[in-house]
Amino acid sequence: MPELPEVEVVRRGLSRRLTGTALDAVEVVDPRILRRHVAGPEDFRARTAGAVVTDVVRRGKYLWLELDSGEALLTHLGMSGQLLLQPPDVPDERHLRLRVALGGDPGCELRFVDQRIFGSMAVTAMVPAPDGRPGGTGSTGRPPAALLPAPVAHIARDPLDPHLDEGLLLRRLLVRRSGVKRALLDQALVSGIGNIYADEALWRAGVHYDRSAAGLTRPGALRLLEAVRTVMGEALAEGGTSFDSLYVNVNGESGYFDRALAVYGRAGLPCRRCGTAVRRDPFMNRSSFTCPRCQPRPRPGSGRGPRRAVRANRASSG
DNA sequence: AAGGCCACCTGCTTGC
DNA sequence: TGCAAGCAGGTGGCCT
C-alpha cells in the first residue's frame, strides 16, 4: 500500500516521538509479523528491550529505528501496514500484530497494525552502505550513518535522497530493454516508487508504461525522473495518498493526495489534461492506468533502434 | 537479462 | 441470499 511519500509521513511522525526514547516491553500479538526475524519472537524481544532509538531512517519504502545497540529495528509496511502511536487505553485495532511499550511514557505505545501481514519487523545488523554515503533519510540534523540494515543493502537510493547519483541512475535506466514502468518499480534500480506513483509520473511525462526504457532519450528520462520527484513531493505535502482507511499517519489520520490523482484508479473517467477516458490494463498481476491520448502505446519493435545498435557495437568490442 | 507466474495474507466488491 | 471470482498501495522466488 504505502509508497515513498506515505512511508516518509510515517517516518517523520515516529521520529518526533521516538528519537531518544528507550523501547520497553514488546507484545507479539501475531508472530507472523516477525517472519523475517528468523531467530524468533523471544530473540526479537531480547534485542529490543531497553534499546534507545537514536534516529528514524528511511530508504525507499523501508523504515528503520537506529538503536544504540548498533542494530536496527527494520520495518516494511507491505501493502497494508500501519505504525501508530496510541495511548494504551485505546482499544486494540482489529489487525493489531505487535505492540511496543515506550520507556518512561505510560501514555503512549507503538503499535504495528497490518491487515494482510505482507509487512514485517526484524532486528538486524547494520552493514556499510555500498557507496559509502549516508544510508537514508533521517531527522537528527546530522547525516545518518553510512550504514544500512543488512536486508536493505540491495535497495537503491530513492528519488528524494540527496545522495542519489542521478547520472548513474540515468545510465542504468537507459540501457534497460525492459518496459519503463517495470524499471521504475525495480527497487534495486531506484527505490520508493510503487504502482500509484509510477502511473502518475508516467502520465505527467506523457510516457506509456510499455515503452522500452532504453528507447527513451536522456532528456526524456530526466523529465520522467523529474515527474517522479514532483508527484512524490506534492503527495508528501498533502500527507500521502489514502483512498481507504488502510493508509494513515502515526496518529491514524488520512492523507489527501488521492484527490490529485490524474490516472491511478480512474478507469473510464476523463483524463485531467485532455478529457479522454482513462484506460486500465492488466500489468504484472496488477493494473496500469494511462491516458490513451497523452500516453500512446508504443508500436511493436519501436524505440530501440539506435541504442540497440550502440549496445551491439559495445558488446562485440568488449 | 528479462519476463511470466506464483506465494505470502485478509477483506471488500462484483457478478452470477 | 449465497458463493465464487476478482481486486488491492509490495516483495521475492522459481521457472522459462
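Residue numbers begin at 1 in each chain, while the letters A, B, ... track the order of the sequences.
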Roughly how many Å is it from [atom1] in [X] to [atom2] in [N], rounded to a whole number?
X      : N      : atom1 : atom2 : result
A:R97  : B:dC8  : CZ    : P     : 16 Å
A:R59  : C:dG10 : CZ    : C1'   : 18 Å
A:E93  : B:dG11 : CD    : P     : 15 Å
A:F112 : B:dC9  : CZ    : C1'   : 13 Å
A:F257 : C:dG9  : CZ    : C1'   : 14 Å
A:D258 : C:dA8  : CG    : C1'   : 15 Å
A:Y197 : C:dG10 : OH    : P     : 10 Å
A:N285 : C:dC7  : CG    : P     : 10 Å

State whether [X] and [Y] are salt-bridged, where the test is any N-O pair (Lys NZ or Arg NE/NH1/NH2 against Asp/Glu carboxylate O) under 4.0 Å.
X      : Y      : value
A:R182 : A:D186 : no
A:E8   : A:R58  : yes
A:E27  : A:R97  : no
A:R229 : A:E166 : yes

(request) Starting at the 5' end of DNA chain C, write a dot or bracket for each base, bracketing those in Watson-Crick or G-U wobble pairs whose two distances are under 3.5 Å and using | for partners on another strand. (result) .|||||||.|||||||
(message) Near DNA chain B, counting only heavy atoms under 4.0 Å, which residues of residues 262-270 of chain A show up?
(response) none
(request) Mind running a 4.0 Å heavy-atom check of residues 113-127 of chain A against DNA chain B and sending the residues that fall below it, in number order? (result) A:Q115, A:R116, A:F118
Could you tell me whether the side chains of [X] and [Y] share a donor-acceptor contact shorter than 3.5 Å?
X      : Y      : answer
A:D68  : A:T54  : no
A:S139 : A:R11  : yes
A:S191 : A:K61  : no
A:H163 : A:D131 : no
A:E3   : A:Y247 : no
A:Y209 : A:D281 : yes

Under 4.0 Å: is that the gap between some side-chain N or O of [X] and OP1 or OP2 of [N]?
X      : N     : value
A:N195 : C:dG9 : yes
A:R177 : B:dG3 : no
A:S178 : B:dG3 : yes
A:R35  : B:dC9 : no

(message) Going by the rule side-chain contact (heavy atoms from CB on, under 4.5 Å), which residues pair with A:S254 if we only count those two or more places apart in sequence or in a different chain?
(response) A:S242, A:V248
Work out how far the [atom1] atom of [N] is from that of [M], and round it to whole angstrom.
N     : M      : atom1 : result
C:dT1 : B:dT10 : C1'   : 23 Å
C:dG9 : B:dT13 : P     : 16 Å
B:dC8 : C:dC3  : C1'   : 24 Å

(request) Determine the minimum heavy-atom distance between A:R99 and A:E109, stating which atoms define it. (result) NH1-OE2, 2.9 Å
(request) Identify the heavy atoms of A:G240 and A:V9 that sit nearest to each other, and give their distance. (result) N-CG2, 4.3 Å
(request) Give A:F243 one of three labels, base, sugar-phosphate or nothing, depending on what nucleic acid heavy atoms sit under 4.0 Å from its own. (result) base
Could you check which of [options] has an atom nearest any side-chain atom of [X]?
X      : options                : result
A:E3   : C:dG10, B:dT10, B:dG11 : C:dG10
A:S287 : C:dC7, B:dT10, B:dA2   : C:dC7
A:R94  : C:dA8, B:dG11, C:dG10  : B:dG11

(message) Does A:R272 qualify as a cation-pi partner of A:W203, given the criterion of NZ or CZ under 6.0 Å from the six-membered ring centre and within 45 degrees of its axis?
(response) no
(request) Indicate for each nucleotide in nucleotides 11-16 of chain C, in 5' to 3' sequence, whether protein heavy atoms under 4.0 Å reach the base (B), only the sugar-phosphate (S), or nothing (-). (result) BS----
(message) Going by ring pair (Phe, Tyr, Trp, His ring centres under 6.0 Å), name the pairs with one or both residues in residues 88-131 of chain A, residues two or more places apart or in two chains.
(response) none
